[in-house]
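Taking it in order: structure first as structure tokens, then the write-up.
Just so you know, these numbers come straight off a predicted model, no measurement behind them. Just so you know, residue 1 is the first one in the sequence shown, and it goes up from there.
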Amino acid sequence: MAEIPVDRKSGVPGWVWVLLALFVLALLAWWILDDDDGDVVEYTGNDVVAEQSVDTMAAGSAAGALMIGEAVDLDNVRVTSLVGDMAFNADVNGQNMLVLFNQEPTPGDATEGEYDINPGSIINMTGTVRSAADGVPANVTAQIPAGTEKYIFADTIKMVN
């Protein structure tokens with residue numbers, strides 16, 4: 001009988017490469033078509049969003065659901081209107097909220113204090129949500145508008161823009 005030399009092929013069979021390519025394509029399709037409900041939304045232009053820190057946010061908390069006594073740490077809040085020397089309204093997560101604060105007046109100028117807050121200003125602030133029924137804190141010269149149930153008393157305010 002004649003001997004037929006048989007050479008063994010070395011390497012990975014072709015069907016393994018096809019299977020690997022299909023797996024990579026499936027992962028790529030899943031990544032592209034994934035539902036983005038839990039992802040961070042990026043804002044551009046003049047969009048400003050007030051953010052609450054994770055420490056101060058109650059489960060499911062929105063601006064309207066801020067609880068009296070809750071500490072807040074808000075960034076990039078837009079001032080919507082001035083209410084007095086130590087009070088303004090701000091857009092907090094889409095809701096117009098009253099914000100009161102205490103400030104030392106600037107010597108020689110009775111109308112301005114340490115903060116030059118104007119409508120359209122962007123600020124960062126920390127504070128506490130308080131009940132309007134409790135009135136204004138001592139040393140704050142502001143009136144709470146009728147119909148206000150709660151307000152934010154700002155401990156710190158930092159001007160962003």
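The backbone N or O of G94 lies less than 3.5 Å from a partner atom in the side chain of D91, making a donor-acceptor pair. In this structure, T148 contributes its side chain and K150 its backbone to no donor-acceptor pair below 3.5 Å.
For the pair R130 and Y151, the cation-pi criterion (under 6.0 Å, within 45° of the ring axis) is not fulfilled.
Once rounded to the nearest 0.5 Å, the distance linking CE of M159 with CE of M125 reads 11.5 Å.
Side-chain N/O atoms of T126 and D155 include no donor and acceptor closer than 3.5 Å. With no hydrogens or angles considered, a side-chain donor-acceptor pair links S81 and N89 at under 3.5 Å.
When all heavy atoms are compared, the tightest approach of L100 to A87 is CD2-CB, 3.3 Å. Closest approach of I122 to N76, counting heavy atoms only: CG2-CA, 3.7 Å.
Side-chain atoms of I117 and F101, non-hydrogen and from C-beta on, do get closer than 4.5 Å to each other. By the 4.5 Å heavy-atom criterion applied to side chains, F88 and I157 are counted as neighbours. Residues P119 and L82 form a side-chain contact, since some pair of their non-hydrogen atoms from C-beta on lies under 4.5 Å apart. Within the 4.5 Å cutoff, the side chain of V77 has no heavy atoms near those of the N124 side chain. Counting heavy atoms from C-beta outward, F153 and L98 have side chains that stay 4.5 Å or more apart.
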- Could you walk me through whether I152 and T128 pass the side chain to side chain contact (heavy atoms under 4.5 Å, CB included) test, one step at a time? CA-CA 6 Å; I152 297 173; T128 308; over 6 Å; no

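Side-chain heavy atoms closer than 4.5 Å link hydrophobic residues (I, L, V, M, F, W, Y) into clusters, and following such links, even through other members, never connects L25 to L27.
A side chain to side chain contact (heavy atoms under 4.5 Å, CB included) with V16 is found for one member of L19, V12, V18 and no other, namely V12.
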